[in-house]
Amino acid sequence: CPELCSCQDKFAHQFADCAYKDLLEVPVGLPSNVTTVSLSANKIKLLKSKSFINITQVTSLWVAHNEIVTIETDTLAPLIQLRNLDISYNKIVNFPWEDLHNLTALQLLKMNNNKMVNLPRDAFSKLKDLRSLRINNNKFTTIVQGTFSALTSMSHLQIFNNPFTCSCSLEWLRDWIATTKISVPEPNSILCEAPELLKGKMITNIPKLDCMVPTVTITHQPNIESTELFEDYIVIIKSEGSTPMISWAVIAGVVVFLWDEMGYN
């Protein structure tokens, strides 16, 4: 057992308590048969890929309230017996979502109060035993339809306090919350951050959006492919339909000038 940790048998399980020790990294020398590891309330900033490679019998791993920014790929993948994982209240930006594909025994996953931005559609696709998922208080702006489809055992889901962009791609979430049997607490805090028109509005109350793909036709004169352009030359571009974003490229010798601007109908 590592010097700063306390290792003991509890209820026929080997428990390693390394919490509140001001640890800067995962200690070396944890018992190979340990089943519960608490590393909570330390000062760990990085979980390296081989941190847990020698303790593959772990069923509960508690790493909340640290200063973790990055969890390297393959850090969690060896923990195939893991049922409970708590990495909440850190500063995690980079999470190895593919590692979750190995953790098919997971029942509780607490990822709340971090700084995660991207949530892949297949992140939870192998977690059929997962019962409680907490991804609230992160930086997610959207959740792709189908993200929760594989979670057939789920009973509790926390997604509140994320800066959601309420566009057409998030309309499904409004309808799903209204019909799912899964408990989705604090709907008053599942809010739109953007666009400005919907900022602060509950996702469950966003209006039906016009999600038809617009038809845009752009014409220009003169024919710039066959016209020699001079300084102060005017090119007129007309769009019919939605207002497009126009990208310009002007080549002068070997120098290319680029800029973007909104077109006008």
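Model, not experiment: these values are computed from the prediction.
- For the atom pair OG of S189 and CG of N161, the computed distance is 5.0 Å after rounding to the nearest 0.5 Å.
- Side-chain contact between S125 and H101 is present, with at least one heavy-atom pair separated by less than 4.5 Å.
- Counting heavy atoms from C-beta outward, I87 and I68 have side chains that stay 4.5 Å or more apart.
- Among all heavy-atom pairs drawn from A16 and L30, the shortest one is CB-CD2, 3.9 Å.
- No side-chain donor-acceptor contact under 3.5 Å links N84 to the backbone of T36.
- A donor-acceptor contact under 3.5 angstrom links the side chains of S169 and S167, judged on distance only.
- The environment of CZ in R131 is sparse: at most 12 heavy-atom neighbours from other residues, nucleotides or ligands sit within 6.0 Å.
- Here the shortest heavy-atom pairing between N114 and S88 reads ND2-CA, 3.9 Å.
- In E3, the CD atom is not crowded: 12 or fewer heavy atoms of neighbouring residues, nucleotides or ligands sit closer than 6.0 Å.
- Listed here is the closest heavy atom pair of P31 and I55: O-CG2, 3.4 Å.
- At a threshold of 4.5 Å between side-chain heavy atoms, the hydrophobic network of Ile, Leu, Val, Met, Phe, Trp and Tyr places W62 and V34 in two separate groups.
- When side chains are defined from C-beta on, V37 does not count as touching V26, because their heavy atoms never get closer than 4.5 Å.
- Rounded to the nearest 0.5 Å, atoms CZ (F124) and CG (L130) are 8.0 Å apart.
- Within the 4.5 Å cutoff, the side chain of L170 has no heavy atoms near those of the C192 side chain.
- Nearest approach of H156 to P185, heavy atoms of both residues: CE1-CG, 3.7 Å.
- Using a 4.5 Å heavy-atom threshold, the side chains of I177 and I159 count as touching.
- The residues K45 and E67 are annotated as salt-bridged, a charged nitrogen and a carboxylate oxygen being separated by less than 4.0 angstrom.
- Summarising the geometry of E25 relative to I44, their closest heavy-atom pair is N-CG1, 3.8 Å, with the distance given to 0.1 Å.
- Nearest heavy-atom pair, T35 versus H13, reported as atom, atom and distance to 0.1 Å: OG1-CB, 3.3 Å.
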Going through the checks in order, is the side-chain contact (heavy atoms from CB on, under 4.5 Å) test met by F95 and N118? CA-CA 9 Å; F95 182 81; N118 298 312; over 6 Å; no
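- We find the OG1-CG distance between T141 and N162 to be 9.0 Å, quoted to the nearest 0.5 Å.
- In this structure, S40 OG and N66 CG are separated by 7.0 Å, a value rounded to the nearest 0.5 Å.
- Two residues are said to be in side-chain contact when any heavy atoms from C-beta on lie closer than 4.5 Å; E186 and Q158 fail this criterion.
- Counting only heavy atoms from C-beta outward, the side chains of D74 and D99 approach each other to under 4.5 Å.
- Under the 30°/60° scheme for interplanar angles, the aromatic rings of Y89 and H65 are found to lie parallel.
- The CG atom of L39 lies 12.0 Å from the NZ atom of K21; values are rounded to the nearest 0.5 Å.
- I190 and W172 fall within the same hydrophobic cluster, where Ile, Leu, Val, Met, Phe, Trp and Tyr residues are linked whenever their side-chain heavy atoms come under 4.5 Å apart, directly or through other members.
- Side chain of E72 to main chain of S49: a donor-acceptor pair is present (N/O by atom type, distance under 3.5 Å, no hydrogens or angles).
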List the steps, then state whether side-chain contact (heavy atoms from CB on, under 4.5 Å) holds for F52 with L61. CA-CA 10 Å; F52 307 117; L61 178 61; 3.9 Å; yes
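- Taken together through direct or relayed side-chain contacts under 4.5 Å among Ile, Leu, Val, Met, Phe, Trp and Tyr, I206 and L173 form parts of separate hydrophobic clusters.
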Going through the checks in order, is the side-chain contact (heavy atoms from CB on, under 4.5 Å) test met by F148 and I182? CA-CA 10 Å; F148 307 130; I182 296 171; 5.7 Å; no
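- Side-chain N or O atoms of R174 include one that pairs as donor or acceptor with a backbone N or O of P207 at under 3.5 Å.
- Under the 4.5 Å side-chain contact rule for hydrophobic residues, L191 and W176 do not share a cluster.
- At distances below 3.5 Å, not a single donor-acceptor pair connects side-chain atoms of S183 with backbone N or O atoms of S155.
- Atom CG in N136 sits 6.0 Å away from atom CG in N113 (nearest 0.5 Å).
- Between D9 and Q14, some side-chain heavy-atom pair lies under the 4.5 Å cut-off.
- Counted within 6.0 Å of CZ on R83, heavy atoms from surrounding residues, nucleotides or ligands total 12 or fewer; the atom is thus considered open.
- Side chain to side chain, T73 and E98 meet the donor-acceptor criterion of an N or O pair below 3.5 Å.
- Cluster annotation: V184 is connected to I143 through the hydrophobic network of ILVMFWY side chains, with a link wherever side-chain heavy atoms come within less than 4.5 Å.
- Not a single donor-acceptor pair under 3.5 Å links the side chain of D86 to the backbone N or O of V63.
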Is there a side-chain contact (heavy atoms from CB on, under 4.5 Å) between C166 and I203? Walk through the geometry before answering. CA-CA 7 Å; C166 293; I203 283 182; 3.8 Å; yes
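- With L82 as the fixed residue, the side chain to side chain contact (heavy atoms under 4.5 Å, CB included) test singles out one of T104, L106, T59, T56: L106.
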